[in-house]
Amino acid sequence: MLLEVFLVLGTILIYFFFSKKNEETLPFKDGWWGRGQKPVTKEDSSIRPFKVETAEEELSDLFRRLDQARFTEPLENSCFHYGTNSMHLKKVVSYWKNQFNWKKQVEVLNKYPQFKTKIQGIDIHFVHVKPPLLPEGQAAKPLLMVHGWPGSFYEFYKIIPLLTDPASHGLGDEHIFEVICPSIPGYGFSEAPHKQDFNSVSAASVFYELMLRLGFNEFYTQGGDAGCLICTNLAQIAPSHVKGLHLNMVLVSKLGLSHLLSILLGQYFPGLFGFQDEDVRRMFPFLKKWLYKILSEFGYAHIQATKPDTVGCGLNDSPVGLAAYILEKFSSWTDMEFQNLEDGGLERKFSLDDLLTNIMIYWVSGCIVSSMRFYKENLQKGIGTQKHDKLTVQVPTGIAAFPNEILHIPQAWAKKKYTNLVSFHFMPRGGHFAALEEPELLAKDILQFKLDCPVPGSWEM
C-alpha cells in the first residue's frame with residue numbers, strides 16, 4: 001500500500017514538473033537598439049503616417065550604375081545551376097532600365113496606409129489595412145503578418161484584400177481580418193538596429209509592443225521564413241495575447257532520437273513514426289531531398305551567419321549584383337526544378353514588376369547588409385542552443401505545407417514543437433514565397449485555420 005502511495009505521489013510530482021516546464025514562457029526582450037546610450041526621457045510613442053518616396057537623384061544614380069554594370073559570360077547550357085544566369089540577367093536589367101516604372105510601383109506601394117513608430121530606439125515601419133466593410137455585429141480579427149529574407153512587406157500586397165475583404169473575393173465573410181504587416185528591423189523601411197544581438201526574439205518583442213501600441217491585446221500572427229521564427233517567438237512570449245499562430249514554413253532546430261529514427265526508418269515504416277504518404281514523398285530519399293538540398297542551397301546562410309558585411313558591401317554598391325543575389329532565391333525557392341531553365345522560371349510565378357519592386361525596396365532603403373546580419377544574430381550562438389529553441393508553443397497553430405518549400409517538415413515533427421496543432425494541410429502547389437506566389441491558397445488556409453481555432457472568450461481592444 002505504501003509503495004502504491006509513493007508511486008501515485010511520484011506520478012503527480014512528475015506531471016506537475018513537466019506541466020510547469022511546458023507552460024514556461026519566453027522572456028520579453030526589452031532592448032535598446034538606437035544609437036548611443038538609452039535616453040532617460042520617455043520614448044516618443046506616436047504613430048506617424050509614412051509614404052514611400054524616392055528622389056530623382058537616387059534614380060539617376062541607379063540608372064548610372066545599371067548602365068555601367070559588368071557581366072560575366074555564363075558557362076554553356078548552365079541555366080541557373082551556377083546561380084543567376086547572366087544572359088537572362090541582362091534581359092532583366094534591360095527591362096529595369098527601359099520598361100520598369102518605379103514611380104508607378106511607388107503608387108502601388110502607397111495604396112495601403114503605412115506608418116512609422118519608434119520602439120526600443122528604432123523606427124518601425126508597418127502597413128495597416130482595415131476592412132473596407134464589416135457586417136453588422138462583426139469585429140475584424142487583428143492579424144500580424146511577418147515576411148522573411150529576401151522578401152519584404154510587399155509580399156503581402158496580393159493577399160491583403162483577400163483577408164480584409166474575403167466576401168468580395170468569394171471567400172465568405174465569416175471571418176474578416178485587420179492586417180498589420182511590419183518590416184523587420186533592418187529590412188525595408190524599418191530602421192536597422194545600431195547594436196549587436198538583435199535576433200528573432202528581439203524582433204518578436206518589438207512587434208509585441210507594436211500590437212499593444214495599436215490597441216490589440218489579442219491578435220493572430222502569420223509568417224514564413226524569418227517570419228515563422230519571429231511569430232513563433234511572439235507566441236512563446238505572449239501566449240495569452242496571441243490567439244492563433246499560422247505558418248507556411250516550419251523550422252526544427254533540435255533533432256532528437258525519435259527524429260533520427262524516423263529519418264532512418266520512416267521511408268519503410270511510415271505509420272510507426274506518424275508519417276503520411278505525402279510526407280514520405282516529400283522527404284525521401286532523405287539524402288537527396290534534405291541533406292543535398294542543405295548543402296546546395298544554404299551556402300548563403302553560412303556566409304550571412306558569419307561575415308554578412310563583406311558580401312553585403314558589394315551588394316549594397318551594385319544594383320545588378322543585388323538583383324542577381326535575390327533573383328536566384330526567387331527562382332530556386334519557388335521550385336528547385338527552375339534551375340534547369342535558362343530564365344530560372346522567374347516569370348512563371350511572378351511578374352518582373354513584382355520581382356523588381358521587391359529588389360527596389362532593398363536598393364532604395366539600402367537595407368541589404370542589415371537584413372543579412374539578421375542571420376548572424378540568430379545563428380552565431382549555435383543552432384538549437386537558445387531558450388526559444390527548447391520551449392514548445394502552446395498557442396493554437398495552423399500549418400500550410402507547400403510542396404516546393406525548401407525543406408519539408410512532417411506533421412509528426414511539427415507537433416513536438418507546436419503542441420496545440422489545430423490544422424496541418426498539404427497545399428496542392430506553391431513554394432517558399434507563398435503569399436506572393438499563391439495568395440488565394442494561403443488566404444483560404446488562414447481563413448480555414450481561424451474557423452478551426454477555439455473561439456476566444458473575449459476580444460479586448
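- No side-chain heavy atom of Ser190 sits under 4.5 Å from any side-chain heavy atom of Ile122.
- Checking Gln236 against Asn233 by side-chain atom types alone, a donor-acceptor pair falls below 3.5 Å.
- No hydrogens or angles considered: a donor-acceptor pair under 3.5 Å links the side chains of Ser332 and Glu297.
- Ion pairing between Glu278 and Arg281 holds under the 4.0 Å rule for side-chain N and carboxylate O.
- The residues Glu437 and Arg348 are annotated as not salt-bridged, no charged nitrogen and carboxylate oxygen being separated by less than 4.0 angstrom.
- Looking only at atom types and distance, the side chain of Asn248 has a donor-acceptor partner in the side chain of Gln222 under 3.5 Å away.
- With contacts defined as side-chain heavy-atom distances shorter than 4.5 Å, the pair Lys450/Ile446 does not qualify.
- No side-chain donor-acceptor contact under 3.5 Å links Thr357 and Asp354.
- Under the 4.5 Å side-chain criterion, counting only non-hydrogen atoms from C-beta, Leu346 is in contact with His88.
- Residues Trp413 and Val250 fail the side-chain proximity criterion, which asks for heavy atoms closer than 4.5 Å.
- Using a 4.0 Å cut-off between charged nitrogen and carboxylate oxygen, Glu440 and Lys444 count as a salt-bridge pair.
- Aromatic ring centroids of Phe433 and Phe330 lie under 6.0 Å apart.
- Remark: Lys91 NZ to Glu342 CD distance equals 7.0 Å, nearest 0.5 Å.
- Side chain to side chain, Glu43 and Ser45 fail the donor-acceptor criterion of an N or O pair below 3.5 Å.
- The shortest distance between side-chain heavy atoms of Arg282 and Lys289 does not fall below 4.5 Å.
- A side-chain N or O of Asp353 and one of Tyr95 form a donor-acceptor pair less than 3.5 Å apart.
- A salt bridge is defined here as a Lys NZ or Arg NE, NH1 or NH2 lying under 4.0 Å from an Asp or Glu carboxylate O, and Asp197 with Lys29 meets this definition.
- Between Phe374 and Phe198, the two ring planes are tilted [angle within 30° to 60°].
- Aromatic ring centres of Tyr325 and Trp149 lie closer together than 6.0 Å.
- Donor-acceptor pairing under 3.5 Å is lacking for the side chains of His147 and Tyr187.
- In the model, Glu218 has no side-chain atom that pairs as donor or acceptor with a side-chain atom of His241 under 3.5 Å.
- Asp123 has a carboxylate O that lies under 4.0 Å from a charged side-chain N of Arg48, or vice versa, which qualifies the two as a salt bridge.
- Phe424 and Phe426 have perpendicular rings, their planes meeting at more than 60° on a 0 to 90° scale where under 30° would count as parallel.
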Starting from the C-alpha separation in whole Å, work towards a yes-or-no answer on side chain to side chain donor-acceptor pair (under 3.5 Å) for Thr54 and Trp102. CA-CA 9 Å; Thr54 309; Trp102 171 240; 2.8 Å; yes

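- When each of Phe115, Phe153, Tyr154, Phe207 is tested with His125 by the rule ring-ring contact (aromatic ring centres under 6.0 Å, His included), just one qualifies, namely Phe153.
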